[in-house]
Amino acid sequence: MATRRTQIVEALVSDIHTNIARMLPGNVTRQMVFLNEVNDFPFVCMLVEPETRFHYGAGRKLATLALSLRGYVFDGDSGENIDLAEDLGMDIDSLVIDTFAEAHRDLGVEFAGTQSFRTDEGLMSPYGIADLTITITYEVEIFD
């Protein structure tokens with residue numbers, strides 16, 4: 001059986017390709033992928049960072065999971081890669097992260113939020129990159 005942490009990350013991957021209409025299921029991965037490895041756009045990858053745990057006593061333990069999400073877009077020659085990258089980042093924030101905690105209470109998720117959001121500001125044209133730092137706080141399962 002997968003750990004709760006793994007289940008939460010898999011739920012995030014699923015929510016991204018389910019809630020963002022232009023995302024194909026194969027274009028969202030829980031592994032970091034570099035731009036030169038991407039052939040189909042938009043593409044979202046992530047780096048799951050170490051979690052921080054808080055022990056509240058009486059058997060209650062919360063963990064805060066940090067994730068670095070990176071979205072890649074390609075606009076050809078239209079010059080709108082900045083807008084495409086920002087749109088993808090905003091969609092992830094508003095359509096996925098803002099509703100993630102409420103949608104996944106069954107996994108013990110207490111809070112999900114975007115801590116930072118930036119784009120490459122056109123430096124990678126005709127590609128665009130959106131970087132988001134996400135935190136998810138959840139209740140850790142305690143086994144007897």
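- Remark: Leu47 CG to Met32 CE distance equals 5.0 Å, nearest 0.5 Å.
- Of all heavy-atom pairs between Val33 and Tyr72, the closest is O-OH, 2.7 Å.
- The shortest heavy-atom contact between Gln31 and Cys45 is O-CB, 3.1 Å.
- Other residues, nucleotides and ligands place more than 12 heavy atoms under 6.0 Å from the CD atom of Glu37.
- Nearest approach of Phe117 to Ala130, heavy atoms of both residues: CE1-CB, 4.0 Å.
- The minimum heavy-atom distance between Arg4 and Glu139, with the atom names listed, is NH1-O, 2.7 Å.
- For Pro42 against Leu88, the heavy-atom pair with the smallest separation is CB-CD2, 4.1 Å.
- At a cut-off of 3.5 Å, with distance as the only test, a side-chain donor of Thr135 or Gln115 sits close to an acceptor on the other residue.
- Of the residues listed (Glu51, Arg105, Gln7), the one engaging Tyr138 in a side chain to side chain donor-acceptor pair (under 3.5 Å) is Glu51, and it is the only one.
- Residues Val44 and Ile20 form no side-chain contact, since every pair of their non-hydrogen atoms from C-beta on lies 4.5 Å or further apart.
- With contacts defined as side-chain heavy-atom distances shorter than 4.5 Å, the pair His104/Ile136 does not qualify.
- Contact check for Leu65 versus Leu67: side-chain heavy atoms found under the 4.5 Å cut-off.
- No side-chain heavy atom of Leu12 sits less than 4.5 Å from a side-chain heavy atom of Arg30.
- Nearest heavy atoms, Phe74 versus Pro126: CE1-CG, 3.6 Å.
- Of the listed residues (Val13, Leu132, Thr29, Ile134), just one forms a side chain to side chain contact (heavy atoms under 4.5 Å, CB included) with Met46, and that residue is Val13.
- For CG of Asn39, the number of neighbouring non-hydrogen atoms (other residues, nucleotides, ligands) closer than 6.0 Å is 12 at most.
- In this structure, Met90 places its CE atom where only 12 or fewer heavy-atom neighbours from other residues, nucleotides or ligands lie under 6.0 Å away.
- Considering CG of Leu35 and CZ of Phe41, their distance stands at 5.5 Å, rounded to 0.5 Å.
- Distance OG1/Thr3 to CD1/Ile8: 8.5 Å, rounded to 0.5 Å.
- Atom OG1 of Thr114 sits about 5.0 Å away from atom CD1 of Ile97, to the nearest 0.5 Å.
- With hydrogens and angles ignored, the 3.5 Å screen pairs a side-chain donor or acceptor of Asp120 with a backbone N or O of Ile129.
- Separating the OG1 atom in Thr119 from the CE atom in Met124 is a distance of 12.0 Å, to the nearest 0.5 Å.
- Side-chain contact between Asp87 and Arg22: present, with at least one pair of heavy atoms (C-beta onward) separated by less than 4.5 Å.
- Within the model, atoms CD of Glu86 and CG of Asp93 stand 11.0 Å from one another, a figure rounded to the nearest 0.5 Å.
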